[in-house]
Participant: 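I have a structure I would like to understand better, so I am pasting it below and will then ask my questions one at a time.
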Amino acid sequence: MDIPKNYNPKESEPKWLEFWEKEKIYAFDPESKAEVYSVDTPPPTVSGNMHIGHSFSYSQQDFIVRFQRMSGKNIFYPFGVDDNGLATERMIEKMKNVKGQFMPRQEFVKLCYTTVEKIRNDFVQDWKKLGVSADFNIFYSTINKHSQKISQRSFIELYKSGRQYRKEGPTIWCPECRTAIAQVEMKDEEKATSLVHIEAKTEKGEPLVFATTRPELYPSCVGISVNPNDGRYKKYVGQKIIMPLTNAGIELTTDEMIDPEFGTGVVYFCSSGDAQFLDWETRHPVKNKIYILNFDGTMNEKAGVYKGLTIAETRRRIVEDLSRLGAVKKTEQLKHSVNVHERCGTVVEYMVSKQWYIKYLDLKEEFIKYGRKIKWYPEHMRIRYENWINGLKWDWNISRQRHFGIPIPVWYCKKCNAIIAADENQLPVDPLVDKPSKKCKCGSGDFIGEKDVLDTWATSSLTPDIAVALFDKKTQKKLFPMNLRPQAHDIITFWLFNTVAKSYLHHKEVPWHNVMISGFVLDPYGKKMSKSKGNVIDPREIIEKYSADSLRFWAAGSRLGDDMPFQEKDLVTGSKFITKIWNASKFASIHLKDYDLRNPGKLHLMERWILSKLSKVVKESTENFMNYEYSHTKLAAETFFWHTFCDNYLEIIKDRLYNAERRGEDARLSAQYGLYQTLLAITKLMAPIMPFITEELYQLYFKSHENSKSVHLEKWPDINLIDEHAEHIGDFVVQVVEFVRRQKTAKQLSLKAPVKKLTIKAKIEETDFDEVEAEIRAATSAESIVFEPTRGKAPEKDVEIEVEF
RNA sequence: GGGCCCAUGGUCUAGUGGCUAGGAUACGACCUUCACAGGGUUGGGGUGCCGGUUCAAUUCCGGCUGGGCCCACCA
């Protein structure tokens with residue numbers, strides 16, 4: 001079949017997407033005997049559209065998967081979406097102009113469900129258009145019934161094994177929005193504040209001044225500390241410090257965290273709303289904590305006369321009252337960064353309430369051990385994982401006071417307060433609607449359902465289980481542990497770590513054998529892209545303008561794990577590559593019209609040369625793909641194709657292809673063989689990176705000779721025809737041709753301008769030269785060639801060339 | 001403040017203890033009917049700064065500067 005003049009990705013890409021889907025090219029086959037390669041695909045958050053960072057990292061993982069598929073593996077590549085998180089909740093609130101907290105939970109959840117259901121398909125479309133070769137029929141959503149069941153079962157299992165417990169703990173709270181928020185919802189903000197120096201007295205009546213930026217928390221003060229090495233205060237340590245206004249007596253303790261340089265070197269700790277306190281408390285347990293804040297940010301009765309006041313009012317009043325007593329010694333203005341709720345800008349408070357935790361601090365060493373059982377690509381990313389584990393201070397809080405999430409599957413007995421977990425066979429449950437399957441041990445049938453939901457990470461850390469559980473037990477064994485977890489480096493500490501933790505707790509097994517960590521896309525100046533900076537790039541526009549293949553080609557240009565600044569002009573390279581391989585294939589198809597895959601008995605030296613070079617490129621490409629170094633494969637294949645194959649090989653064999661009557665049919669057949677084999681191999685090498693153009697070329701030409709339905713089901717090239725001697729002679733030919741080109745360019749002559757006499761001295765035997773003389777003559781348009789072997793004469797250069805025009 | 005990573009022509013990158021540091025893009029010159037003007041050939045242009053190890057450093061080590069991600073953040 002003829003190859004048309006031009007290639008149009010706008011027509012071609014949708015055509016092949018449809019073809020792949022219809023022909024189920026990427027379908028997982030549970031019955032296949034082939035080795036399984038399973039991938040724990042990251043489920044993107046349903047909160048808008050695919051961004052450029054997604055297109056970068058999903059392309060990179062897809063290169064690897066496509067390579068593994070062509071290597072004969074039975075690919076398990078599911079696709080999920082994450083739609084139970086805060087991001088989704090916020091998106092729905094914005095889309096529908098509602099506030100979840102002011103709606104009945106059932107109603108809000110229903111709204112989320114139906115909305116997400118509607119947009120999910122469009123959302124996933126972006127990933128298909130990128131050419132991600134997932135089996136989109138193996139699909140899950142982290143809020144669907146299936147995931148709810150898995151997630152709730154995980155909860156119950158951990159509860160029964162004693163790993164899951166409930167206790168009072170701090171929550172990050174926004175007093176303005178009156179809701180618990182997650183760490184990711186906070187941002188830093190520089191705020192001007194005043195540091196108030198307050199004078200207390202020691203037991204013996206000596207003054208002791210401490211400084212605070214949070215005087216409003218004064219009534220909840222439960223501790224006061226200095227640095228153990230601070231000589232100024234050593235003599236007071238252990239004494240009761242008498243606080244002005246409240247007359248509370250608080251023991252002066254020491255703590256390493258105190259910076260003697262800051263303020264006065266004396267710090268007070270308040271059990272309400274203060275993040276510092278939480279850290280301090282781990283070393284100084286406090287029996288009688290005082291909570292003075294209501295969830296709406298006002299003071300409660302524990303604050304005494306300040307009851308009912310807001311934080312700001314309390315602050316002003318307390319400073320006034322202390323001043324009246326003469327206890328305020330100084331007020332310094334300073335700037336510091338505080339955590340605020342990113343949506344409303346309110347400074348967050350740490351409130352104490354009942355929360356569910358997974359106990360895992362005792363497993364740090366195990367987690368590190370498991371991390372070392374996994375192969376990391378790139379290797380150094382493991383260090384981030386270990387740093388995170390070593391720094392863990394709290395158990396894993398998995399409860400959230402939110403609306404749209406997977407319900408925590410427990411009830412509390414109204415009579416005896418016992419916790420009743422749901423039965424596994426009644427999952428999924430909503431304790432606010434459903435009832436336990438049996439009565440409480442105390443005999444009561446009256447329950448209160450847990451209203452909190454699970455944090456999104458509690459579920460997304462189960463993606464291997466969720467995906468694998470879509471199949472029967474026998475198949476599951478082949479799928480788990482999975483082969484690969486691909487993801488970006490920003491969530492090593494969340495998603496990756498949490499998944500290892502859950503896998504340890506449930507299976508005593510690593511969730512996957514390999515992880516590949518992608519980098520970030522930065523803006524053209526190397527800065528982070530963010531919506532607020534307005535420097536984001538929409539990958540859909542890039543695909544529209546340049547094609548998905550070009551975008552993927554660009555994504556293949558960065559080494560795994562490296563961040564890459566985005567510059568639109570870099571997309572041009574991919575488009576040019578497409579044009580080049582299109583035209584080269586067009587050329588080949590013209591000259592291969594009468595070719596029927598015959599293997600010529602004897603190969604011409606230039607064919608032995610190109611096939612030897614090709615063998616090395618294939619070997620290099622294969623090794624690099626096996627090590628997740630797709631960028632090296634791309635570079636090797638690209639350079640080989642453009643320079644070795646197009647610039648030199650094609651130019652050199654033209655004479656034999658066009659002039660069979662003069663050069664002989666055998667010479668032509670040899671060239672056809674080299675042309676076919678090499679171009680087919682290049683097409684296959686590039687198929688994982690540019691799935692569309694390679695499919696187009698395969699379908700247009702190669703398919704009639706090969707027997708796969710798609711290039712993506714073809715066998716990965718395996719060619720081993722290394723011939724060092726042929727390479728040496730072939731390289732010599734190229735060297736001569738390039739030298740003559742340079743001479744012509746220097747004289748501003750056409751490359752086809754005839755050369756009167758070409759004189760070559762080289763360390764090459766005459767017999768070898770005879771084999772390639774005709775090639776040199778044709779490629780240089782030389783009228784006469786004088787060749788002289790230099791042999792043992794040891795000239796300065798291996799090759800000396802003279803050109804006479 | 002801590003951890004990890006990165007630093008190569010204007011821009012994006014490859015690579016190496018020693019050949020003339022490779023490619024892409026941008027730019028200049030020339031070529032062009034035989035696959036390709038979204039082309040070909042060719043040219044100029046580069047190892048962030050300071051120190052150390054070494055016969056020799058772009059490569060190894062230390063520091064600095066700049067950038068990225070994560071963590072902790074000042075009572």
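Order of the sequence lines fixes the chain letters, A, B, ..., with proteins taken first and strands second; residue numbering starts at 1 for each chain.
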Participant: Side-chain N or O of A:Trp376 less than 4.0 angstrom from OP1 or OP2 on B:rC5?
Facilitator: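 The answer is no; no side-chain N or O of A:Trp376 sits under 4.0 Å from OP1 or OP2.
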Participant: Sort and list the pairs that fulfil salt bridge (charged side-chain N to carboxylate O under 4.0 Å, His left out) and have at least one residue in residues 548-557 of chain A, not counting sequence neighbours.
Facilitator: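 Output for this query lists A:Asp62-A:Arg552.
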Participant: Could you identify the nucleotide paired to B:rG1, looking across every strand shown and requiring Watson-Crick or G-U wobble geometry with both distances under 3.5 Å?
Facilitator: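 Because both required distances fall under 3.5 Å, B:rG1 counts as paired with B:rC71.
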Participant: Salt bridge (Lys or Arg N to Asp or Glu O under 4.0 Å) with A:Lys375: which residues, sequence neighbours excluded?
Facilitator: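 Expected list: none.
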Participant: How would you list, by chain and number, every residue that makes a ring pair (Phe, Tyr, Trp, His ring centres under 6.0 Å) with A:His632, sequence neighbours excluded?
Facilitator: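 None.
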Participant: Below 4.0 angstrom from OP1 or OP2 of B:rA24, is there any side-chain N or O of A:His643?
Facilitator: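 Answer is yes, contact under 4.0 Å.
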Participant: Closest approach to the side chain of A:His632, judged atom by atom: which nucleotide of B:rC36, B:rA26, B:rG15 is it?
Facilitator: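 Comparing B:rC36, B:rA26, B:rG15 against the side chain of A:His632, the answer is B:rG15.
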Participant: When you measure from the side chain of A:Trp642, which nucleotide among B:rU25, B:rC4, B:rG40 comes out closest?
Facilitator: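 Nucleotide nearest to A:Trp642's side chain: B:rG40.
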Participant: Please identify each residue that fulfils salt bridge (Lys or Arg N to Asp or Glu O under 4.0 Å) with A:Glu11, with sequence neighbours left out.
Facilitator: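 Partners of A:Glu11 under the salt bridge (Lys or Arg N to Asp or Glu O under 4.0 Å) test: none.
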Participant: For B:rG28, which nucleotide is its Watson-Crick or G-U wobble mate, given both distances must be under 3.5 Å?
Facilitator: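 WC or wobble partner is B:rU42.
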Participant: Please give me every residue in residues 565-574 of chain A whose heavy atoms get under 4.0 Å of an atom in RNA chain B, ordered by residue number.
Facilitator: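 By residue number: A:Pro565, A:Gln567, A:Lys569, A:Asp570, A:Thr573.
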Participant: Do A:Phe702 and A:Tyr676 have ring centroids that are under 6.0 Å from one another?
Facilitator: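 Judged by ring-centre distance (under 6.0 Å), A:Tyr676 and A:Phe702 do meet the cut-off.
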Participant: Are any protein N/O atoms closer than 3.5 Å to N/O atoms in nucleotides 19-22 of chain B? If there are, list each pair with its distance.
Facilitator:
none

Participant: Determine which nucleotide pairs with B:rA7, using a 3.5 Å limit on both distances of a Watson-Crick or G-U wobble pair.
Facilitator: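 In the structure as shown, B:rA7 has B:rU65 as its Watson-Crick or wobble partner.
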Participant: Using the side-chain hydrogen bond (donor to acceptor under 3.5 Å, both in side chains) criterion, which residues pair with A:Ser518? Sequence neighbours excluded.
Facilitator: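 Only A:Gln60 meet the side-chain hydrogen bond (donor to acceptor under 3.5 Å, both in side chains) criterion with A:Ser518.
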Participant: Apply salt bridge (Lys or Arg N to Asp or Glu O under 4.0 Å) to A:Lys364 and list each qualifying residue two or more places apart in sequence or on a separate chain.
Facilitator: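 Listed in chain order: nothing, the list is empty.
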Participant: Provide the distance between the two C1' atoms, one in B:rU59 and one in B:rC19, to the nearest whole Å.
Facilitator: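 Pairwise C1' distance, B:rU59 against B:rC19, rounds to 16 Å.
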Participant: Check every atom of B:rU41, B:rG38, B:rC4 against the side chain of A:Thr579 and return the nucleotide holding the closest atom.
Facilitator: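 It is B:rG38.
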Participant: My understanding is that a pair needs two contacts under 3.5 Å, Watson-Crick or G-U wobble. By that rule, which nucleotide pairs with B:rG17?
Facilitator: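 Paired with no nucleotide.
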Participant: Report the nucleotide, chosen from B:rG43, B:rC4, B:rG40, that has the shortest atom-to-atom distance to any side-chain atom of A:Lys580.
Facilitator: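 Ranking B:rG43, B:rC4, B:rG40 by closest atom to the A:Lys580 side chain puts B:rG40 first.
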Participant: So, does A:Lys747 get its side chain near the phosphate of B:rC30, meaning an N or O under 4.0 Å from OP1 or OP2?
Facilitator: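 Looking at the OP1 and OP2 atoms of B:rC30, neither is under 4.0 Å from any side-chain N or O of A:Lys747.
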Participant: Applying salt bridge (Lys or Arg N to Asp or Glu O under 4.0 Å), can you list everything that pairs with A:Lys593, at least two apart in sequence or on another chain?
Facilitator: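 Residues passing salt bridge (Lys or Arg N to Asp or Glu O under 4.0 Å) with A:Lys593: A:Asp2.
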Participant: Please confirm whether A:Phe732 and A:His728 have ring centers closer than 6.0 angstrom.
Facilitator: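 No, the ring centres sit 6.0 Å or more apart.
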